[in-house]
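Remarks on the structure that follows.
Indexing begins at 1, ligand by ligand and atom by atom, following the structure's order.
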Amino acid sequence: MLSLIYVSTVAPGFRTAELEALTERAAAINAANGMTGMLAYNGTHFMQLLEGEAAAVDDTLARISADPRHSGLVVIRRDSRPARECPDWTMRAFLTPLEGAGSATRLAASLPVNFAADSRVIFTSFASLPRVAA
Ligand SMILES: Cc1cc2nc3c(=O)[nH]c(=O)nc-3n(C[C@H](O)[C@H](O)[C@H](O)COP(=O)(O)O)c2cc1C
């Protein structure tokens, strides 16, 4: 099982209202490719976890990298894992920071139980970043 996390910069024209459609389409394609993961979006950056068979992850990442809705994609973690961290999410999006007190704490509580400790730190750190108005 290949697992990777990347961050990228949201394209200037991208609107928050587009996130749901993007995620639905991604989830449908991922379901057909045996891919799972999660996506966090804070208005200026994306952070996404992708997991699946190596060929499927690489193919998906190639399509995502070429997508004009973001740029400057950097893979910050890529390794082989014994099991999926998001087995039930063909793709689930989180708009961060989450509303209410303690976005990082709230995101942590929403993550699957088998989410790895390092992934948890990476995503909760991202969730603690403020949203910058476009
Ligand atoms: C931030 C972001 C995350 C995406 N995540 C996925 C994903 O998990 N799976 C996927 O198939 N496409 C994802 N996409 C969409 C792909 O970039 C692409 O539009 C889609 O795979 C269809 O590919 P095609 O336009 O070459 O047919 C994502 C796009 C963006 C901007």
**Message:** Please give me the minimum heavy-atom distance between A56 and N33, naming the atom from each residue.
**Reply:** CB-O, 3.7 Å
**Message:** Students should be able to answer this: which protein heavy-atom is nearest to atom 7 (C) of ligand 1, and at what distance?
**Reply:** A26 CB, 3.4 Å
**Prompt:** What protein heavy atom is closest to atom 28 (C) of ligand 1, reported as residue, atom name and distance in Å?
**Reply:** I64 CG1, 3.8 Å
**Request:** Among all protein heavy atoms, pick out the one at the shortest distance from atom 22 (C) of ligand 1; state its residue, atom name and that distance to 0.1 Å.
**Result:** I29 CD1, 3.7 Å
**Message:** Counting only heavy atoms from other residues, nucleotides and ligands, does the tally under 6.0 Å from CD of E53 exceed 12?
**Reply:** no
**Fill in**
Note: ligand 1 atoms sitting under 4.0 Å from heavy atoms of M91 are 8 (O)
**Prompt:** What protein heavy atom sits nearest atom 9 (N) of ligand 1, and how far off is it?
**Reply:** N30 OD1, 2.8 Å
**Prompt:** What heavy-atom pair brings W89 and P112 nearest, and what distance separates the two atoms?
**Reply:** CH2-CD, 3.5 Å
**Message:** Return the closest protein heavy atom for atom 27 (O) of ligand 1 as residue, atom name and distance.
**Reply:** R25 NH2, 4.1 Å
**Request:** For atom 30 (C) of ligand 1, find the nearest protein heavy atom and state the residue, atom name and distance (0.1 Å precision).
**Result:** L22 CD1, 3.8 Å
**Fill in**
Nearest non-hydrogen protein atom to atom 12 (N) of ligand 1, with distance, is R63 NH1, 3.9 Å
**Request:** List every atom of ligand 1 that sits less than 4.0 Å from any heavy atom of Q48, numbering the atoms from 1 in the order shown and giving each element.
**Result:** 3 (C), 4 (C), 5 (N), 6 (C), 7 (C), 8 (O)
**Asked** Hey, does the side chain of R69 reach the backbone of A11 with a donor-acceptor pair shorter than 3.5 angstrom?
**Response** no
**Request:** Give the minimum heavy-atom separation between N42 and P130, together with the two atoms involved.
**Result:** ND2-O, 4.3 Å
**Asked** According to the interplanar angle, ranging from 0 to 90°, do the rings of Y41 and F46 count as parallel (below 30°), tilted (30 to 60°) or perpendicular (above 60°)?
**Response** tilted
**Request:** Have a look at ligand 1 and work out which part of L50, if any, has a heavy atom under 4.0 Å from it: side chain, backbone, both or neither.
**Result:** side chain
**Prompt:** Counting heavy atoms only, which part of M35 comes closer than 4.0 Å to ligand 1: side chain, backbone, both or neither?
**Reply:** neither
**Message:** Need the ligand 1 atom indices (1-based, order shown) with element for anything under 4.0 Å from a heavy-atom of F46.
**Reply:** 1 (C)
**Polar side-chain atom of E51 near backbone of M1 as donor-acceptor pair, under 3.5 Å** = no
**Message:** Could you check whether any side-chain N or O of R92 sits under 3.5 Å from a backbone N or O of M38, counting only pairs where one atom can act as donor and the other as acceptor?
**Reply:** no
**Prompt:** Is any N or O atom of H70, backbone or side chain, closer than 3.5 Å to an N or O atom of ligand 1?
**Reply:** no
**Item:** Shortest protein contact, atom 17 (O) of ligand 1 (heavy atom only)
**Value:** D67 OD2, 2.6 Å
**Backbone or side-chain N or O of Y6 under 3.5 Å from ligand 1 N or O** = no
**Message:** For R77, is the CZ atom crowded, meaning more than 12 foreign heavy atoms sit under 6.0 Å from it?
**Reply:** yes
**Item:** Closest contact, heavy atoms only, T90 versus N30
**Value:** O-ND2, 2.9 Å
